[in-house]
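Have a look at the structure below before the remarks.
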Amino acid sequence: MRSNVTKVGVERAPHRCLYKAMGLTDEELRKPIIGVVNSFNELIPGHIHLREIAEAVKAGVRIAGGTPLEFNTIGICDGIAMNHEGMKYSLPSRELIADSVELVAKAYSFDSLVLIASCDKIIPGMLMAAARLNIPAVFVSGGPMLAGRFKGEDVDLKTVFEAVGAFKAGKMSEEELSELEDAACPTYGSCAGMFTANTLNCLTEALGVSLPGNGTAPAPYAERRRIAKYTGMAAVKLAEKGVKFRDLLTKDAFLDAIAVDMALGGSTNTVLHLTAIAKEAGVELTLDDFEEVGARTPTLLKISPAGPHHIQDLHEAGGVLAVMKELSKKGLIHTERLTASLKTVGELLKAAHIRRRDVIRPVENPWSPRGGLTILRGSLAPDGAVIKTSALPEGVEVFEGVAKVFNSEEEATQAILGGSIKAGDVVVIRYEGPKGGPGMREMLTPTSAIAGMGLDRDVALVTDGRFSGATRGFSVGHVSPEAAEGGPIAVVEDGDRIRIDIKERRIDLLVDEDILQERFERWEPPRKALTGYLGRYSQLVTSANTGAVFKDLLSGGLSGE
């Protein structure tokens with residue numbers, strides 16, 4: 001056992017003494033020590049109940065003959081951090097979470113880990129750490145919240161964000177907005193649509209690093225507690241079998257996760273996070289992989305913000321494994337690879353069933369023959385950009401309009417809500433990338449304002465920042481190189497024409513090359529006085545097209561065993 005280094009032998013009497021000071025017995029110390037990484041806090045709806053989930057995990061560990069020891073990480077709610085300075089700290093927290101898990105796990109030499117989280121940044125941070133450590137590990141989520149009900153329809157957080165735009169446009173009263181505010185998030189859990197948190201939870205199943213049902217079983221359901229117990233049991237079995245995290249995180253696993261992501265119409269943020277996790281796992285994953293898999297993977301679902309369904313509907317329809325079973329009909333899933341259940345994907349798919357065809361369409365009759373995310377390249381984004389095509393207005397594949405340029409999200413939001421943006425405009429928000437923000441803020445407030453004002457077919461938004469999974473419409477993010485690195489987006493001017501062509505997978509700035517060259521000769525990046533963590537982050541972070549990970553400062557790169 002790995003943990004023997006902290007507890008076996010005469011020399012370890014002082015170590016055992018300290019364990020016993022916390023109430024552990026000799027019998028407990030003879031068992032595998034399982035680190036339970038909990039991100040509980042009272043700041044995030046998806047994490048408020050994670051003490052209960054952790055207790056269920058620890059019960060499962062004990063059932064299987066292990067000794068669980070719990071420790072914590074930080075977490076930020078993107079919804080509450082949205083559209084102010086707080087959002088600058090959300091993506092950077094991913095690296096801090098990964099580092100903190102690595103530090104504790106290395107210090108204590110756990111035999112395996114259980115990773116507990118529900119929301120974006122925390123999930124990928126934990127998975128990055130497990131890949132870096134390369135010890136046995138398994139993930140479990142706190143689960144999605146249930147959708148709310150308002151005026152006879154299912155609603156969620158995205159509905160409230162868009163309602164702000166509707167109120168500003170005179171389409172909703174303040175009283176109605178208040179009623180919706182009270183109804184849209186009726187339970188704890190990660191927000192109910194196919195937003196970043198739930199997309200990532202689903203992809204942990206696709207990757208094979210969580211157990212069946214983890215991606216979709218709602219937070220309030222008793223099933224969620226049973227999954228947590230089985231996860232604790234699985235952690236012990238993985239330790240006993242010596243199955244390490246990178247044994248599961250193969251290139252095939254990432255390709256399967258991308259296929260599921262495309263079928264689900266998942267969040268654009270998954271491009272950042274899967275790339276970052278793959279780097280820690282020593283797997284080469286690029287935007288070309290997303291484009292190649294997306295080109296042959298059909299969009300099978302329309303879950304909020306793309307359609308009326310929510311994660312609870314996907315769970316009722318058979319969950320992630322049902323989607324994978326449908327994709328396997330086209331040979332898009334690698335069925336022979338191992339999962340954290342110690343079963344192969346193929347073995348798991350034998351028990352999967354599609355129970356609602358209104359939620360999961362057949363591969364022969366998809367919503368679209370292409371996946372729900374599209375990588376764009378062109379003169380405005382030479383290194384790539386991403387758009388959630390599954391959440392585009394129906395029948396719209398090309399948008400050409402006039403640039404309205406803003407150097408911050410706040411400036412753009414004020415202009416949108418103030419009525420300054422009209423049909424035919426392309427809102428350009430720059431200096432919000434990983435380095436330039438810094439922190440690559442999500443743009444849910446401006447995109448929701450555009451949608452809520454009824455302009456989602458008539459106005460596009462382009463940014464070197466990123467979007468919430470709740471964003472819909474002609475919203476292009478992750479423009480690379482970013483403005484702060486001297487990408488073409490840095491020299492866009494009001495009145496320039498921008499063309500976005502989904503079919504051709506291009507985004508172009510329709511300005512002569514010699515004019516752009518003159519602009520670059522005059523261009524200087526804005527100087528921001530940065531201190532603390534954001535100052536260090538800005539110096540270390542790389543581009544969005546490489547996952548916004550930290551630069552390799554030392555040779556050797558990966559720190560796992």
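Residue numbers start at 1 and run along the sequence shown.
In this structure, Glu364 places its CD atom where more than 12 heavy-atom neighbours from other residues, nucleotides or ligands lie under 6.0 Å away. Annotation for Glu400: atom CD counts as buried by contact number, over 12 foreign heavy atoms lying within 6.0 Å. Summarising the local packing, CD of Glu411 is surrounded by more than 12 heavy atoms from other residues, nucleotides or ligands at distances under 6.0 Å.
Between Leu300 and Glu326, some side-chain heavy-atom pair lies under the 4.5 Å cut-off. You'll find the side chain of Val549 stays beyond 4.5 Å of the side chain of Val541, heavy atoms only. Annotation: side chain of Leu314 is in contact with side chain of Leu264 (closest heavy-atom distance under 4.5 Å). Within the 4.5 Å cutoff, side-chain heavy atoms of Glu291 are placed close to those of Arg505. Residues Phe254 and Leu207 form a side-chain contact, since some pair of their non-hydrogen atoms from C-beta on lies under 4.5 Å apart. With contacts defined as side-chain heavy-atom distances shorter than 4.5 Å, the pair Ile450/Met453 does not qualify. Looking only at side-chain heavy atoms (C-beta outward), Leu461 and Phe474 stay at 4.5 Å or farther from each other. Residues Leu349 and Ser328 are in side-chain contact: their nearest non-hydrogen atoms beyond the backbone lie under 4.5 Å apart.
At distances below 3.5 Å, not a single donor-acceptor pair connects side-chain atoms of Lys171 with backbone N or O atoms of Lys168. No donor-acceptor pair closer than 3.5 Å links the side chain of Asp512 to the backbone N or O of Ile515. Without hydrogens or angle criteria, Arg466 side chain to Pro434 main chain gives no donor-acceptor distance under 3.5 Å. Judged by distance alone, with hydrogens and angles left aside, the side-chain atoms of Lys551 form a donor-acceptor pair with the main-chain N or O of Gln539 at under 3.5 Å.
Between Lys435 and Glu482, no side-chain nitrogen of the basic residue sits less than 4.0 Å from a carboxylate oxygen of the acidic one, so the salt-bridge criterion is not met. Between Glu316 and Arg356 there is a salt bridge, since at least one side-chain N of the basic residue sits less than 4.0 Å from a carboxylate O of the acidic one. For the pair Glu162 and Arg472, the salt-bridge criterion is met [side-chain N within less than 4.0 Å of a carboxylate O]. Comment: Arg149 does not engage Glu153 in a salt bridge, judged by the lack of any side-chain N to carboxylate O separation of less than 4.0 angstrom. Between Asp288 and Arg377, at least one side-chain nitrogen of the basic residue sits less than 4.0 Å from a carboxylate oxygen of the acidic one, meeting the salt-bridge criterion. Under 4.0 Å is where a charged nitrogen must lie from a carboxylate oxygen, and between Arg522 and Glu493 at least one such pair does. Between Lys404 and Asp425 there is a salt bridge, since a side-chain N of the basic residue sits under 4.0 Å from a carboxylate O of the acidic one. Note on Lys251 versus Asp256: no salt bridge recorded, every NZ/NE/NH1/NH2 to OD/OE distance being 4.0 Å or above. Salt-bridge annotation for Lys151 and Glu176: present, with a side-chain N of the basic residue lying under 4.0 Å from a carboxylate O of the acidic one. Checked for salt-bridge contact, Arg519 and Asp496 meet the test: a charged N lies under 4.0 Å from a carboxylate O.
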Criterion salt bridge (charged side-chain N to carboxylate O under 4.0 Å, His left out) on Arg430 and Glu485, from CA distance to verdict: CA-CA 11 Å; Arg430 62 190 178 194; Glu485 294 278 19; over 6 Å; no
Which is it for Asp552 and Lys279 under the salt bridge (charged side-chain N to carboxylate O under 4.0 Å, His left out) test, yes or no, and what are the steps along the way? CA-CA 11 Å; Asp552 284 325; Lys279 182 179 185 297; 3.1 Å; yes
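Across all non-hydrogen atoms, the minimal contact from Ala197 to Ile123 is O-CD1, 3.8 Å. In terms of heavy atoms, Met126 sits closest to Ala117 at SD-CB, 3.9 Å. When all heavy atoms of Ala322 and His353 are compared, the closest pair comes out as CB-O, 3.6 Å.
With rounding to the nearest 0.5 angstrom, the CZ atom of Arg355 is 9.5 Å from the CD1 atom of Ile360. Note that CE of Met194 and CG of Leu301 are 6.5 Å apart. Values are rounded to the nearest 0.5 Å. For the atom pair Arg370 CZ and Lys503 NZ, the distance stands at 11.5 Å (nearest 0.5 Å). To the nearest 0.5 angstrom, Thr196 atom OG1 is 5.5 Å from Glu442 atom CD. Rounded to the nearest 0.5 Å, atoms CZ (Phe467) and OG (Ser475) are 4.5 Å apart. With rounding to the nearest 0.5 angstrom, the CD1 atom of Ile507 is 11.0 Å from the CZ atom of Phe399.
The closest side-chain donor-acceptor pair between Thr447 and Thr471 falls under 3.5 angstrom. Looking at Ser210 and Thr204, their side chains do bring a donor and an acceptor atom within 3.5 Å of each other. Between the side chains of His310 and Asp156, at least one donor-acceptor pair of N or O atoms lies under 3.5 Å. In summary, the side chains of Thr270 and Asp261 do present a donor paired with an acceptor at a separation below 3.5 Å, with no hydrogens or angles considered. No donor-acceptor contact under 3.5 angstrom links the side chains of Asp252 and Thr250, judged on distance only. Side chains of Asn201 and Ser141: a donor-acceptor N/O pair is present below 3.5 angstrom, by distance only.
Less than 6.0 angstrom separates the ring centroid of Phe550 from the ring centroid of Tyr537.
A side chain to side chain contact (heavy atoms under 4.5 Å, CB included) with Met87 is found for exactly one of Glu432, Arg441, Met443, Met440, namely Arg441.
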